[in-house]
Visitor: 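Just passing along the structure, written as structure tokens.
Computed over heavy atoms, backbone and side chain alike; hydrogens, waters and symmetry mates excluded. Residue numbers count from 1 along this sequence.
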Amino acid sequence: MTSFHPDFEGTEFADSTSYAHLLAPESSMCWWCETRPATTGEHKFKRTGLTRLMGDGGVLVWEDGEQRREIRGKSGITRDRYGVVKFPKSMCAPCNNDISKPFDIAYDTYAQYVEGHLLSTLPGLDLESLYGSEWRQKSLDMARYHAKHFGCRMVRDRFPVPQSLRDFMNGAEDMTDGRMAIISTDSVKRTYGSGMYISPVVPFISRDMARFTSCVMAAYIGPIGIRYEWVADGIPDQERDQFFHYPHPVINYFRNEKDVVM
């Protein structure tokens with residue numbers, strides 16, 4: 001994603017050196033439960049999804065704009081020799097492996113569906129057909145998987161994890177200061193095709209540089225992504241539609257990643 005510096009309702013996007021004083025301290029504790037040591041790193045992309053993407057060819061190419069790595073064979077995904085498959089260790093094993101297992105299962109059902117269907121020209125996603133009579137709970141679980149993913153990204157970048165994200169993972173069915181939407185982005189589709197992509201964490205800070213005011217990030221399977229936005233002062237109810245509250249949520253279409261952020 002190219003860097004840019006737009007103004008946005010009294011806030012400014014800035015480079016990381018200008019908000020270093022706002023970053024969260026590094027911690028050896030699990031960011032979700034905050035009680036047990038962080039001994040595991042969450043996958044940036046699920047191993048099952050990477051295995052499907054690898055197919056019979058046995059090679060995946062990972063890029064971040066600066067480095068390029070080839071991951072060969074399924075054992076290469078497990079070993080993560082270059083440290084590109086997983087986030088740094090920031091969760092305890094019970095939270096990452098056991099408590100969040102329903103999130104992982106719901107996400108994998110979603111991922112297989114997105115990988116196998118051409119969705120980028122459709123008005124919405126049919127969660128009712130995807131999950132059946134359990135669509136409400138399974139949609140929440142899939143969204144909570146993304147909450148875990150986004151939380152790990154925040155910890156990696158030392159952005160303070162909103163308590164609402166933890167509460168949502170612990171069973172809350174909404175976030176008054178956060179929202180998630182299903183999106184499709186033309187520039188991501190052109191660049192990454194059927195691959196997988198995660199955007200940077202894009203923060204905004206107050207003009208007096210005293211606090212973070214919001215942040216935006218997204219995670220994609222092919223051109224279909226989940227966009228997460230956090231707003232420190234909260235999001236009014238009429239503006240906070242969550243995709244997981246609806247059996248047929250719309251797909252929000254964007255030209256490029258700047259539009260996704262703004």
Visitor: Would you mind checking if E42 and K148 are paired as a salt bridge, meaning a charged N to carboxylate O distance below 4.0 Å?
Guide: yes
Visitor: Applying a strict under-4.5 Å side-chain criterion to I, L, V, M, F, W and Y, I'd like to know whether V216 and M262 cluster together.
Guide: no
Visitor: Looking only at atom types and distance, does a side-chain atom of T40 sit under 3.5 Å from a main-chain N or O of M91, one as donor and one as acceptor?
Guide: yes
Visitor: Less than 4.0 angstrom from a charged side-chain N to a carboxylate O is my criterion; do D141 and K138 meet it?
Guide: no
Visitor: Indicate the atoms forming the closest heavy-atom contact of C33 with C95, along with that distance.
Guide: CB-SG, 3.7 Å
Visitor: Could you tell me which non-hydrogen atom of I226 sits nearest to which non-hydrogen atom of F150, and how far apart they are?
Guide: O-CZ, 3.5 Å
Visitor: Treating R36 as the side-chain partner and C92 as the backbone partner, does any N or O pair qualify as donor plus acceptor under 3.5 Å?
Guide: no
Visitor: Taking atom types as modelled, find out whether T109 and Y131 have a side-chain donor-acceptor pair closer than 3.5 angstrom.
Guide: no
Visitor: Determine yes or no for a side-chain-to-main-chain donor-acceptor pair under 3.5 angstrom, with R153 supplying the side chain and A218 the backbone.
Guide: yes
Visitor: Tell me whether Y246 shares a hydrophobic cluster with L130, the cluster being built from Ile, Leu, Val, Met, Phe, Trp, Tyr side chains joined at under 4.5 Å.
Guide: no
Visitor: Please check: side-chain N/O of S27 versus main-chain N/O of M29, any donor-acceptor pairing under 3.5 Å?
Guide: yes
Visitor: Rounded to the nearest 0.5 Å, what separates atom CG in L22 from atom CZ in R211?
Guide: 10.5 Å
Visitor: Quiz question: by atom type and distance under 3.5 Å, do the side chains of N96 and W32 form a donor-acceptor pair?
Guide: no
Visitor: With a 4.0 Å cut-off, would you call E229 and R227 a salt bridge?
Guide: yes
Visitor: For S164, which residues count as a side-chain contact (heavy atoms from CB on, under 4.5 Å) partner, sequence neighbours excluded?
Guide: P162, M175, D177
Visitor: Are I205 and W230 grouped together when hydrophobic residues (ILVMFWY) are joined by side-chain heavy atoms under 4.5 angstrom apart?
Guide: yes
Visitor: Applying salt bridge (Lys or Arg N to Asp or Glu O under 4.0 Å) to K189 and D186, what does each step give before you reach the verdict?
Guide: CA-CA 5 Å; K189 182 179 181 180; D186 292 342; over 6 Å; no
Visitor: If you look at every heavy atom in W135 and H245, which pair is closest and at what distance?
Guide: CH2-O, 3.8 Å
Visitor: Give the minimum heavy-atom separation between P88 and R156, together with the two atoms involved.
Guide: CD-CG, 4.0 Å
Visitor: Side chains of E257 and Y197: any donor to acceptor distance under 3.5 Å?
Guide: yes
Visitor: Quick test of your reading of the model: are R144 and D104 salt-bridged, counting only N-O distances below 4.0 Å?
Guide: no
Visitor: Any chance the side chains of D108 and Y145 put a donor and an acceptor closer than 3.5 Å?
Guide: no
Visitor: Applying the side chain to side chain contact (heavy atoms under 4.5 Å, CB included) criterion to H146, which one of F244, Y110, Y228 satisfies it?
Guide: Y110
Visitor: My understanding is that only residues two or more places apart in sequence, or in another chain, count here; which of them pass side-chain hydrogen bond (donor to acceptor under 3.5 Å, both in side chains) with E128?
Guide: none
Visitor: If only atom types and distance count, is the side chain of S184 paired as donor or acceptor with the main-chain N or O of P223 below 3.5 Å?
Guide: yes
Visitor: How about F212 and F159: are their ring centroids closer than 6.0 Å?
Guide: yes
